[in-house]
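Everything quoted here is computed from the prediction, not taken from an experiment. Every chain is numbered from 1 and lettered A, B, ... according to where its sequence line falls, protein lines coming before strand lines.
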Amino acid sequence: MSDLHVDLERTSPGPRKIVIDPVTRVEGHGKVTIRLNEAGEVEQARFHVVEFRGFERFIQGRMYWEVPVIVQRLCGICPVSHHLCAAKAMDIVAGVDKITPTAEKMRRLMHYGQVLQSNAVNFFHLASPDLLLGFESPVAQRNIIGVIEAFPEVGKWAIMIRKFGQLVIAATGGRRIHPRLCIPGGVNQNLAVENRDALRADVDQIIQWCCEALELHKRFVSAHHTLHETFASFPSNYMSLVGPDGAMELYDGTLRAIDAAGAPIFEGVSPQAYRDYLIEEVRPWSYMKFPHIRSLGREDGWYRVGPLAQINCCAFIGTPIAEMARKDFMAQGGGGLVHATLAFHWARVISMIHCAETIKQLLFDNDLQGTDLVVTGQRRPEGVAIVEAPRGTLLHHYQVDHNDQVTMANLIVSTTNNNEAMNRSVTKVAIDDLTGHEITEGLLNHIEVAIRAYDPCLSCATHALGDMPLVVTLEDADGAVIATKVKQ
Amino acid sequence: MSATLVKHAKPTLATCALTGCFGCHMSLLDIDERILELVDLVDLDVSPFDDKKAFDRPVDVGFIEGGCSNEYNVRELREFRKHCRILVSVGACAINGGVPAMRNTISLRDCLDAVYLHGVSLQGDGVIPNDEDLPLLLDRVYPSHEVVKIDYFLPGCPPSGDALWEGLKALLIGNKPDLPYLLCKYE
Ligand code: SF4
């Protein structure tokens, strides 16, 4: 429903449609519709992405070196992921297979700063109100300001951890949001010693705070064990980049997909070969596409990406504190994978620790003051690249003509990979929590809690979206609207 | 829910993200520790940062991120105009459409075809999404001031946290914001 008002008072028997519009505390515009039958059972639940931008088309004709700074405007929470992914694709177009150590480490430093701050935004600013204050806590408090008031310590972590990540980005790329570091074949600057020293001074404290956030989150999990296990959950396939030795890898690597039992579906897949393994479906009710693994088909081939997938897919994490935390995390799975949807948050905090530890290692690496910044090569017509963005596997694919102008762009962004899974989580929560209940604002928030676990970034997701509100509409069997509730 | 008007002690701020990238909202978080001062200074009303989804009282300042690319954007922007005393276009997208308005040189049909019919990793023939639960797209992306009256413009992509902070403080105190050049120059 287009009306930004909710009228939950009116309930009537018979089939109805619930609409949540907009979904809030996520980036971008989305809406949920739930259809109930005569008996009040859920017949259909859908998470629609309602915005379209058309980047793939309007980027055509731009010079290839402009792309990394244009395409990052897909997303202001993770602009660095798009900046880097486009730059890696354009390295290939520029004929460069290996950039210099200084260039690669500068990019990595920026990337880990980005993943740290973006995961902090999701965990603290957007999701923590549900976890700390309760799924059904009063609307007026259920936000980061409510958290700051009730848990000043958490408010401090939220502000300071995000700030540190942003300062890493600014130190490498000149500004906090939409920075400029990458050019095809390398980077445009190294790390100034003053910036390095300022970051060095703070990094241990940041690692410490990330560890404290992990402890706090584990207390939440112990206190709500069953909820944590079952809420919006199901077994699934997972996909992420991994390093050559199976290590968690966020900047560069090959694709690995595993099934719900942990057995490989494919491994060692290079980004250039993605179309042999992945395929996307369009459904008429969402601007966001539905990718799946080709060999498994659309029914069985869907998968999840993001922090939970990164941790399920890797053999180990290459930094010590995060690796200890990973072992502790995987123990929940009793030797298998962890499938709990709320465990995305736990995995996200471990990712934050890993990022902070990696940033520290890089800050003590003298290559960052190297002066060999760019490599040149023989121009090629096409490039594909993948990074693990905060929300999971992100792919950019471009073709460039002899005038250096882009002729084709294809983006599979992280959130798109989770489209089917988010829809299934919405359906599960609708069935588990709404069936047979009077629908209240608090119950509707359960649906949004499930969506927030995936930290969807809907602006990127349709390559075309912007905002994402949550509306619940009730319709009768003929589709006439009985009531619309927009969460307020 | 009754729409009783509370007399609020603090001035109020509402924000919305239309067709932008959320970067202007992220820039508001870039005021860092001053977030604590902001919490003391204003009450946050309708915003993607909280779960208040519709207005139930007049609001002092509205920040608009993004231009209008679909009917939902237009509706939301009009709601903001109706309820906010002062409306500010924040950032390139709200002010002139920004990067999303790059599609204005191309027909909408062409954009949809490229993404949903000719994508190189698509299954089958594809289909252009057309469900009644999706908003109608506009022929082009419109800057906010072509849709409603805007009182102030704060340029940047995004404007820095400092610029947002100084601009907001001035508006809340009742001054006309007069930002130094360095805070509002477009890089
Ligand atoms: S002005 Fe820039 S930062 Fe703001 S929404 Fe638009 S693209 Fe994002």
Side-chain angles (χ1 to χ4, degrees), chain A residues 2 4-6 22 24-25 27-29 31 33 48 50-54 56-58 70 73-77 79 121 125 139 142-145 148 159 162-163 166 176-178 274-275 278-287 397 408 410 412 445 459 463-464 466-467 469-470 486-488, chain B residues 1 16-27 29-30 32-33 35-36 39 44 48-54 56 66 69-73 75-76 79 98-100 102-103 105-106 110-112 114-116 119-124 126-127 129-131 133-135 137 157-158 161 187:
Chain A
S2 55
L4 275 179
H5 270 278
V6 176
T24 45
R25 285 189 283 128
E27 189 282 340
H29 288 196
K31 124 182 184 183
T33 59
H48 313 259
V50 300
E51 201 173 347
F52 169 79
R53 286 203 234 147
E56 289 95 331
R57 177 61 186 84
F58 66 65
I70 296 176
R73 266 76 183 177
L74 280 164
C75 178
I77 305 190
V121 168
H125 298 76
V139 179
R142 209 172 56 214
N143 54 56
I144 182 64
I145 296 167
I148 289 172
I159 292 168
R162 176 173 186 278
K163 177 184 179 183
Q166 291 291 81
R176 288 167 164 229
I177 296 170
H178 303 324
Y274 79 99
R275 280 187 287 173
L278 300 177
I279 189 163
E280 295 179 286
E281 185 198 346
V282 186
R283 296 184 196 163
W285 46 270
S286 182
Y287 286 120
H397 176 192
M408 190 285 296
N410 189 38
I412 304 179
N445 188 46
S459 290
H463 331 159
D467 35 331
L470 191 59
V486 177
K487 292 198 38 191
Q488 30 192 356
Chain B
M1 272 151 243
C16 68
L18 307 177
T19 300
C21 78
F22 218 65
C24 289
H25 274 77
M26 287 297 104
S27 202
L29 297 185
D30 279 340
D32 301 333
E33 293 92 322
I35 288 173
L36 301 175
V39 170
L44 192 61
F49 283 131
D50 63 26
D51 287 350
K52 181 161 182 187
K53 301 186 190 213
D56 57 5
S69 71
N70 64 44
E71 55 168 341
Y72 287 9
N73 292 157
R75 187 189 71 216
E76 196 171 351
E79 281 291 299
V99 166
M102 283 170 67
R103 90 152 151 91
T105 58
I106 301 156
D110 218 4
C111 284
L112 289 164
V115 175
Y116 298 110
V120 296
S121 51
L122 285 184
Q123 181 179 42
V127 49
N130 60 358
D131 194 82
D133 276 313
L134 298 178
L137 300 173
C157 181
E187 299 162 63

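Here A/His125 contributes atom NE2 and B/His25 contributes atom NE2; the two are 13.0 Å apart, rounded to the nearest 0.5 Å. The CD1 atom of A/Ile145 sits 9.5 Å away from atom CZ of B/Phe49, with the distance rounded to the nearest 0.5 Å. Summarising the geometry, atom SG belonging to B/Cys111 is positioned 7.5 Å from atom CZ belonging to A/Phe58; distances are rounded to the nearest 0.5 Å. B/Asp133 contributes atom CG, which lies 4.5 Å from atom OG1 of A/Thr33 (distance to the nearest 0.5 angstrom). Rounded to the nearest 0.5 Å, atoms CG (A/Leu74) and SG (B/Cys21) are 8.5 Å apart. Residue B/Gln123 holds its CD atom at 10.0 Å from CD of A/Glu280, rounded to the nearest 0.5 Å.
Chain A forms the most heavy-atom pairs under 4.5 Å with one residue out of B/Gly98, B/Ala114, B/Pro135, and that residue is B/Pro135. Of the residues considered (B/Ile106, B/Leu134, B/Ile35), B/Leu134 shows the highest number of contacts with chain A, using heavy-atom pairs under 4.5 Å. Comparing A/Asn143, A/Ile144, A/Ile77 by how many heavy-atom pairs each has under 4.5 Å with chain B, the most go to A/Ile77. If you tally non-hydrogen atom pairs under 4.5 Å between each of B/Asp32, B/Asp50, B/Leu36, B/Asn130 and chain A, the highest count goes to B/Asp32. Annotation: maximal heavy-atom pairing with chain A below 4.5 Å, among B/Leu137, B/Val120, B/Val39, occurs at B/Val120. The greatest number of non-hydrogen atom pairs below 4.5 Å with chain A, out of B/Thr105, B/Leu44, B/Leu112, is found for B/Leu112. The greatest number of non-hydrogen atom pairs below 4.5 Å with chain A, out of B/Gly124, B/Cys16, B/Gly23, B/Gly126, is found for B/Gly23.
Of the possible polar contacts, none joining the B/Tyr116 side chain to the A/Pro284 backbone as a donor-acceptor pair under 3.5 Å is found. A donor-acceptor pair is defined here as one N or O able to donate and one able to accept, closer than 3.5 Å; such a pair exists between the side chain of A/Arg176 and the backbone of B/Asp30. Distance alone, capped at 3.5 Å, is enough to place a donor-acceptor pair between the A/Arg53 side chain and the B/Gly20 backbone.
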Q.
Walk me through whether B/Met26 and A/His178 qualify under side-chain contact (heavy atoms from CB on, under 4.5 Å).
A. CA-CA 11 Å; B/Met26 287 297 104; A/His178 303 324; over 6 Å; no
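With respect to the salt-bridge test (charged N to carboxylate O, under 4.0 angstrom), the residues B/Asp131 and A/Arg283 do not qualify. Under a 4.0 Å N-O distance rule, the pair A/Arg25/B/Asp51 qualifies as a salt bridge.
Between B/Tyr72 and A/Val50 the shortest side-chain heavy-atom distance falls below 4.5 Å. For the pair A/Arg73/B/Met102, no side-chain contact is recorded, criterion being any heavy-atom separation below 4.5 Å from C-beta on. Within the 4.5 Å cutoff, side-chain heavy atoms of B/Ser27 are placed close to those of A/Ile177.
Residue contact with chain B, scored on non-hydrogen atoms closer than 4.5 Å, involves the backbone and the side chain of A/Glu281 alike. For a residue to count as touching a neighbouring chain, one of its non-hydrogen atoms must lie under 4.5 Å from one of that chain's; by this rule B/Leu122 touches chain A with backbone and side chain alike. Contacts of A/Ile279 with chain B are made by both backbone and side-chain atoms, with heavy-atom separations under 4.5 Å.
Closest approach of A/Asn410 to B/Ser121, counting heavy atoms only: ND2-OG, 2.9 Å. Of all non-hydrogen atoms in A/Ser286 and B/Pro129, the two that sit nearest each other are O-CG, 3.3 Å.
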